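Below is one structure, written out as structure tokens; the observations come after it.
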Amino acid sequence: MSTPEPSTSSNFIREIVAADRAAGKHGGRVVTRFPPEPNGYLHIGHAKAIVLNFGIANEASGGICHLRFDDTNPTTEDPEYVQAIQEDVRWLGFDWHDRLFYASDYFEQLYAFAISLIKKDKAYVDSLTADQIREHRGTLTESGRDSPYRTRSVDENVNLFARMRAGEFADGTHVLRAKIDMGSPNINLRDPILYRIRHAIHYRTGTAWCIYPSYDFAHPLSDAIEGITHSICTLEFEDHRPLYDWVVAEADSPHRPQQIEFARLNLTSTVMSKRKLLELVDKKLVSGWDDPRLPTLKGLRRRGVTPEAIRAFCEHIGVAKRDAIVEMQLLEHFIREDLNRRSPRVMAVLRPLKVVLDNYPDGVVEELDAVNNPEDISAGTRKVPFSRTLYIEQDDFRENPPKQFFRLAPGREVRLRYGYIIKCVSATKDPQTGAVTELHCTYDPETRSGSAQEQRKVKATIHWVSASHAVTAAVRLYHPLFLSDRANLSAEQDWTGSLNPQSLELLTGCLVEPSLHSAAPGSRFQFERQGYFCVDPDSLPDALIFNRTVSLKDTWARVEKARQTPPR
RNA sequence: UGGGGGAUCGUCUAGCGGUAGGACGCCGGCCUUUGGAGCCGGCUACCUAGGUUCGAUUCCUAGUCCCCCAGCCA
């Protein structure tokens with residue numbers, strides 16, 4: 001596993017880090033961290049944070065990025081996610097070396113620090129109910145009121161907090177709160193809750209604890225304990241920063257990490273929030289967390305997206321503080337760019353139409369040379385069998401070709417990729433439906449690919465497979481999960497309203513060239529003229545399944561669309 | 001209506017008082033045995049109003065609009 005090259009794209013956070021290093025702040029060290037809660041799977045929004053945090057650390061000599069599980073809430077977390085998150089980070093191409101941490105490993109230290117806060121009279125045990133605490137908190141425009149328990153003595157607080165830990169009280173009966181300012185205009189400073197009682201089994205600490213620290217308490221302290229220099233998080237934590245700084249200052253730690261916030265990633269025609277992704281999975285609107293339509297890392301991986309493409313995308317979208325929605329087309333661009341460079345080309349017919357070459361000898365099979373990757377000559381060539389009966393794409397024939405349609409039509413010629421120029425003589429139709437069922441063509445023997453004598457040009461080259469050699473496959477085409485670009489931000493109640501009912505299109509009876517017969521799950525190909533496809537994990541040698549990662553750019557589709565929508 | 005943030009091409013993003021640049025996208029053209037890729041060209045932006053200045057996207061003032069915060073979630 002190698003860590004990717006440092007990026008050159010700058011942003012305001014990199015500038016802060018560079019300035020801090022130049023000024024010798026934090027002793028010139030750079031230590032960042034990626035701190036997921038293990039309560040769900042990672043998505044491409046997390047990838048932005050991962051690329052940023054690991055990127056910044058990797059750029060600084062001696063810099064390092066920790067992976068820390070922010071596991072302070074026993075009721076939501078699961079070791080399954082701990083595993084999956086590590087896999088995803090590694091798959092993305094990043095390495096935390098031996099810097100794997102868990103907030104739960106700090107529970108004892110956190111507890112000790114809470115005691116010291118109490119002894120400084122900076123924290124107290126509150127015995128109001130959750131509802132009462134909410135009432136006392138005030139509102140956005142009204143000041144809060146002190147809890148009647150705010151003036152408990154230090155001794156009483158120490159005693160009560162110890163009894164909280166000892167398990168003497170039921171959930172919700174007491175909390176530990178910081179004693180800051182109930183009149184603060186910043187609600188986060190109105191005596192925030194530091195510990196709550198939760199009689200629950202923590203996936204790592206079991207029943208050792210029944211009190212758990214809150215994010216606002218555990219996070220800054222974890223950062224300080226690990227010597228994090230730059231604690232990078234998303235915008236919604238901006239007004240927690242004064243509290244973060246308060247906790248760090250009270251901790252008297254030799255390390256003073258600084259929190260820096262950036263805008264989270266939004267993408268058009270998808271959703272990114274854990275809650276919405278969970279709902280899609282729970283309601284079976286998608287097949288699971290690795291459904292290739294999802295922006296989860298597992299989903300993108302199953303779809304055939306490469307970690308390199310995701311990294312390039314994350315570097316190019318930049319990092320700033322303004323809310324933004326990045327177009328899915330930009331992600332697709334980076335996917336195509338990467339896949340174009342590396343994918344072997346093959347021929348696959350998704351919607352077959354039978355073609356008989358009337359003048360081609362029956363029983364003869366020619367092995368034609370096909371280039372594996374024109375972008376990479378070292379990928380070599382392969383043989384593709386050619387014979388009298390072939391299949392081509394239904395879309396590559398029109399009985400009544402529109403203007404600008406260069407492909408096959410009665411009386412017209414096209415080149416078969418790596419093969420011959422053929423001419424359509426007649427089309428057989430189903431007498432019932434009128435649909436074209438079979439084409440009769442003639443081939444020009446002088447035009448075989450690579451033969452020197454024939455210089456004739458035709459307007460189009462189409463892909464094909466030999467009927468008796470082709471392998472049957474199923475192909476899944478993915479379309480946008482949402483019809484609305486702004487699904488991410490649409491009204492809460494009906495956010496599923498713009499779900500695309502046709503986001504998954506299953507094609508069976510597709511015919512692929514024989515070289516694909518035992519293609520391994522996960523392997524990626526370009527189906528010439530169509531797009532990039534990968535072999536699904538469910539695929540078997542005799543029951544191939546391909547997922548379309550992304551289509552090729554389709555100029556003809558655009559031309560045809562423009563024809564149908566006359567200019568205004 | 002309190003507090004915290006943010007406004008630059010259609011979309012992301014750069015700019016740090018001196019010709020508003022890049023990428024995606026879109027539109028043309030060239031090339032092409034993938035209507036792919038590649039190459040060339042074009043398109044469109046500083047939220048508003050004042051002020052400071054020789055000069056303002058940048059600094060100041062006042063607005064406008066957008067986002068976040070009232071979990072014992074993170």
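So you know, we letter chains A, B, ... as the sequences are listed, proteins then strands, and number each from 1. Because only heavy atoms are used, hydrogens play no part in the values below, and waters and symmetry mates are left out as well, while side chains stay in. All values derive from a computational prediction rather than experimental measurement.
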Any side-chain N or O of [X] under 4.0 Å from OP1/OP2 of [N]?
| X | N | result |
| --- | --- | --- |
| A:Arg275 | B:rC73 | no |
| A:Thr555 | B:rG36 | yes |
| A:Arg322 | B:rC67 | no |
| A:Lys274 | B:rA74 | no |
| A:Arg558 | B:rC27 | yes |
| A:Ser214 | B:rA74 | no |
| A:Lys321 | B:rG4 | no |
| A:Lys457 | B:rU33 | yes |
| A:Arg196 | B:rA74 | yes |

Nucleotide opposite [N] in a Watson-Crick or G-U pair, distances under 3.5 Å:
| N | value |
| --- | --- |
| B:rG28 | B:rC40 |
| B:rG2 | B:rC69 |
| B:rA45 | none |
| B:rC59 | B:rG51 |
| B:rG21 | B:rU13 |
| B:rU33 | none |

How far, in whole Å, is [M] from [N] if one measures between their [atom1] atoms?
| N | M | atom1 | value |
| --- | --- | --- | --- |
| B:rC9 | B:rC26 | C1' | 12 Å |
| B:rA7 | B:rG63 | C1' | 14 Å |
| B:rU64 | B:rA49 | P | 15 Å |
| B:rU61 | B:rC69 | C1' | 28 Å |
| B:rC16 | B:rG4 | C1' | 24 Å |
| B:rU58 | B:rG71 | C1' | 41 Å |
| B:rC60 | B:rU52 | C1' | 7 Å |
| B:rU8 | B:rC47 | C1' | 10 Å |

Per the atom types in the model, does the base of [N] pair as donor or acceptor with the side chain of [X] at under 3.5 Å?
| X | N | value |
| --- | --- | --- |
| A:Arg529 | B:rU34 | no |
| A:Gln526 | B:rU34 | yes |
| A:Glu337 | B:rC24 | no |
| A:Gln404 | B:rG35 | no |
| A:Asn186 | B:rG4 | no |
| A:Arg407 | B:rG35 | yes |
| A:Glu375 | B:rG36 | yes |

In whole Å, what is the span from the [atom1] atom of [X] to the [atom2] atom of [N]?
| X | N | atom1 | atom2 | value |
| --- | --- | --- | --- | --- |
| A:Arg177 | B:rG71 | CZ | C1' | 12 Å |
| A:Ile193 | B:rA70 | CD1 | P | 12 Å |
| A:Phe313 | B:rC12 | CZ | P | 11 Å |
| A:Gln329 | B:rG10 | CD | P | 15 Å |
| A:Trp246 | B:rG4 | CH2 | P | 20 Å |
| A:Ile325 | B:rU11 | CD1 | P | 10 Å |

Which part of the nucleic acid does [X] contact within heavy-atom distance under 4.0 Å: base, sugar-phosphate only, or nothing?
| X | result |
| --- | --- |
| A:Glu332 | nothing |
| A:Leu552 | base |
| A:Thr72 | sugar-phosphate |
| A:Arg345 | base |
| A:Val319 | sugar-phosphate |
| A:Glu528 | base |
| A:Gly450 | base |
| A:Pro374 | base |
| A:Phe527 | nothing |
| A:Ala320 | sugar-phosphate |

Side chain of [X] - closest among [options]:
| X | options | result |
| --- | --- | --- |
| A:Thr461 | B:rA70, B:rA74, B:rU33 | B:rU33 |
| A:Phe406 | B:rG35, B:rA74, B:rU34 | B:rG35 |
| A:Glu236 | B:rA74, B:rG4, B:rC16 | B:rA74 |

Between the side chains of [X] and [Y], does any donor sit under 3.5 Å from an acceptor?
| X | Y | result |
| --- | --- | --- |
| A:Arg529 | A:Thr461 | no |
| A:Asn73 | A:Tyr212 | no |
| A:Arg190 | A:Ser184 | no |

message: Taking the nucleotide of RNA chain B with the nearest heavy atom to each, does A:Tyr215 or A:Asn188 sit closer to the 5' end?
response: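 The 5'-side residue here is A:Asn188.
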
task: Would you kindly compare A:Arg137 and A:His316 by the position of their nearest RNA chain B nucleotide and give the one closer to the 5′ end?
output: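 Of the two residues, A:His316 wins.
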
- prompt: Do the non-hydrogen side-chain atoms of A:Gln526 and A:Leu552 ever get within less than 4.5 Å of each other?
  reply: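 Counting from C-beta outward, A:Gln526 and A:Leu552 do come under 4.5 Å.
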
query: Salt bridge between A:Glu393 and A:Arg407, side-chain N to carboxylate O under 4.0 Å?
result: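 No, this pair does not count.
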
task: Decide whether a cation-pi geometry holds between A:Arg398 and A:Phe405; the criteria are a distance under 6.0 Å from NZ or CZ to the six-membered ring centre and an angle within 45° of the ring axis.
output: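 Positive - A:Arg398 is close enough to the ring of A:Phe405 and near enough to its axis.
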
query: Backbone N or O of A:Phe169 within a donor-acceptor pair of the A:His199 side chain at under 3.5 Å?
result: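 Between the backbone of A:Phe169 and the side chain of A:His199 there is a qualifying donor-acceptor contact (under 3.5 Å).
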
- request: Determine the sole option in A:Asp245, A:Asp223, A:Asp20 for which the side chain to side chain donor-acceptor pair (under 3.5 Å) test with A:Gln258 is passed.
  value: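 By the side chain to side chain donor-acceptor pair (under 3.5 Å) criterion, A:Gln258 pairs with just one of A:Asp245, A:Asp223, A:Asp20: A:Asp20.
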
field: Candidate list A:Arg137, A:Arg150, A:His136, A:Lys179, test side chain to side chain donor-acceptor pair (under 3.5 Å), partner A:Asp191, passing option
entry: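 Only match with A:Asp191 under side chain to side chain donor-acceptor pair (under 3.5 Å): A:Arg150.
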
message: What's the separation between atom OG1 in A:Thr447 and atom CG in A:Asp444, rounded to the nearest 0.5 Å?
response: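 Nearest 0.5 Å value for the OG1-CG distance: 4.0 Å.
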
message: Tell me if B:rG71 is syn or anti. Syn = glycosidic torsion within 90° of 0, anti otherwise.
response: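 Syn for B:rG71; the angle stays within 90° of 0.
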
